[in-house]
Amino acid sequence: MNVNEVKKQVMDGLGLLDINSGVYHGNWMATAGKKTIESVCPIDGQVLGSVAQGEEEDYEQVMSAAQSAFKVWSTIPAPRRGEVVREIGAELLKNKELLGLLITLEVGKTITEGTGEIQEAIDIANFAVGLSRQLYGYTIASERPEHRLMEQWHPLGTIGVITSFNFPAAVWAWNALIAAVVGNVTVWKPSSSALLTAVAVSRIANKVTERNGLPPIFLLACGSGRTVGNLLVNDKRVPLISFTGSTATGRSIGEQTATRFGKSILELGGNNCAVVTQNADMNLAVKGVAFGAMATAGQRCTSTRRVLVHSSIYDSFISKLRDVYSKVNIGSPLDPTTVVGPLVDKNAIDDFKSTVRKAKEQGGRILHGGAVHEAAGCKNGCFVTPTIIEMDRQEGIVLEETFAPILYVMKYESLENAVEIHNAVPQGLSSAIFSTDIRETEYFISSAGSDCGIVNVNTSTAGAEIGGAFGGEKETGGGRESGSDAWKYYARRQTVTINYGKDIPLSQGVVFPV
């Protein structure tokens, strides 16, 4: 595909050709006199478009609209809220190809990953529709006669959602669509590297609410982290902040939110490891590790960063892995044959080069890659060669997460030893084991095994389904989003006691002699 032709097709098809307002509060903020941020395509370094940024007064308009909208939206029955979300899913489906291409243009994902991300948002919408009829609370046996004890869940109010560039639509959907069926409204502060995607998705969602005669449920507040971000995090009107990003920023947000007794969902760094045992299906393991390390050019929080290989098969495994790496197509993500597209920007290139240098200084041996890549027809693009670095020990740079396709490979002797190395990092998001031995796999998923929030057997660390709760432990933040019962994060639990008798018996045998 010709990049310029695709740009015109996408920008025109999604109504993004002019300077776009980055703030929606029931109306789109006027852009005259506003600062703008340019969205730069990492394929060729060219500007896609500009988005006007909000300031403090615009944020206040957003919050005022959110407070008013919540009073209306929270009183609508949950199944009806689900029907609105169903319509949003249908609109996303209609625009799936264009939105997927926009993600490819804006953050560099391959075509299949870009459209796959929009499909994930659609799947979340469908999941949320079913959830809208299953917001269950328990009825609990009461020790007191003629009493009923039960719990119910109420919406929190206005949810702040701060997203990263690497999943610019799906993570919003995880939060906003599930929060919506629970009865909340959301204020979205997207990454400055993916503003056009946020504007496009917000337009689609709000067209649905507008035609249903509803107030603004899905509000957008593009702006700098120092202004809009800080205002959102420190706002007592926002009982929950969902943040996806770096551990350092997440730690600060968690502390600030806790100071005002707010809640937070933190989806932070990952330093994900795959263990390949001597009983692994070799071809399966090679494919799983390669996908985990190279998908999205290593810019997933679930990307495989480390692989531990049993010493008896180490040489054979590394040989096969290097062969796969040598054959992948690196280039424009608009080419269907491309496996590895660009990094998001020039800063990511600098981080890649710095990490490779540090790894070499710390004893690492480059087995493949390690350099910037000049992709054909993509002058000024942000490309690197997927890199394999052999390390003797897990220390220094190996303990850190770099958003780039860098894979550290190491040997191990026993599974207990492998698990010890696997767990000896600050992060705890995703993990994988490749083995055909049930004893090995059961050990890895037991309490003595992986300490991560996500554990995979004979499949990659990357590529989680929406049905399970997504999130990790330790410095990954402990948050959970998407499936299972993650919806409870967006609700407040209320325990209800109902006395339908003619006396007031007390619990624990307490007597009140009046």
Using side-chain heavy atoms (C-beta onward) and a distance below 4.5 Å, is [X] in contact with [Y]?
X	Y	result
Val107	Asn166	no
Lys263	Thr257	no
Ile162	Ile241	yes
Lys287	Phe434	no
Trp153	Tyr136	no
Ile159	Val238	no
Phe165	Phe403	yes
Leu407	Leu321	yes

Could you tell me which non-hydrogen atom of [X] sits nearest to which non-hydrogen atom of [Y], and how far apart they are?
X	Y	value
Cys222	Pro190	SG-CG, 3.7 Å
Val161	Leu232	N-CD2, 4.4 Å
Tyr325	Ala293	OH-CB, 3.2 Å
Thr209	Ile217	CG2-CG1, 4.0 Å

[X] atom [atom1], over 12 foreign heavy atoms within 6.0 Å:
X	atom1	answer
Lys488	NZ	yes
Arg226	CZ	no
Lys346	NZ	yes
Glu83	CD	yes

Under a 4.0 Å threshold between the charged nitrogen and the carboxylate oxygen, would [Y] count as salt-bridged to [X]?
X	Y	value
Glu91	Lys94	yes
Arg237	Glu60	yes
Glu267	Arg480	no
Glu55	Lys34	no
Glu113	Arg300	yes
Lys7	Asp44	yes
Glu210	Lys207	no

Do Phe218 and Trp172 pass the ring pair (Phe, Tyr, Trp, His ring centres under 6.0 Å) test, and can you show the C-alpha distance, the side-chain angles, and the key distance before you say yes or no? CA-CA 10 Å; Phe218 306 102; Trp172 168 82; 5.7 Å; yes
Is there a donor in the side chain of [X] and an acceptor in the side chain of [Y], or the other way round, less than 3.5 Å apart?
X	Y	answer
Thr36	Gln53	no
Thr249	Ser252	no
Glu106	Thr197	yes
Ser430	Thr461	no
Ser242	Glu481	yes
Gln427	Lys474	no
Thr304	Asn272	no
Asn126	Arg86	no
Glu87	Asn212	yes
Glu120	Trp174	yes

Value rounded to 0.5 Å, distance of [atom1] in [X] from [atom2] in [Y]:
X	Y	atom1	atom2	answer
Leu14	Leu98	CG	CG	5.0 Å
Leu195	Leu48	CG	CG	11.0 Å
Leu105	Gln46	CG	CD	12.0 Å

For the backbone of Ala462 and the side chain of Ser460, can you confirm whether one donor and one acceptor N or O come within less than 3.5 Å of each other?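 Checked: pair present.
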State whether the side chain of Thr387 and the backbone N or O of Thr385 hold a donor-acceptor pair below 3.5 Å, judged by distance alone.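 Confirmed, Thr387 side chain pairs with Thr385 backbone.
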side-chain contact (heavy atoms from CB on, under 4.5 Å), that's the test. Do Ile433 and Asn456 meet it? Break it down for me. CA-CA 6 Å; Ile433 186 170; Asn456 301 279; over 6 Å; no
Using the side-chain contact (heavy atoms from CB on, under 4.5 Å) rule, take Leu343 and Gln299 through it: C-alpha gap first, then chi angles, then the decisive distance, then the call. CA-CA 8 Å; Leu343 297 183; Gln299 297 173 112; 3.7 Å; yes
Worked check of side-chain contact (heavy atoms from CB on, under 4.5 Å) between Ser332 and Ile43: CA-CA 6 Å; Ser332 171; Ile43 302 171; 4.0 Å; yes
Do the numbers put Lys189 on top of the ring of Tyr59, so that NZ or CZ is under 6.0 Å from the six-membered ring centre and no more than 45° off the axis?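 The answer is no, since Lys189 fails at least one limit relative to Tyr59.
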Under 30°, 30 to 60°, or over 60°: which ring-plane class applies to His373 and Phe383, parallel, tilted or perpendicular?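 Ring orientation, 0 to 90° scale: perpendicular.
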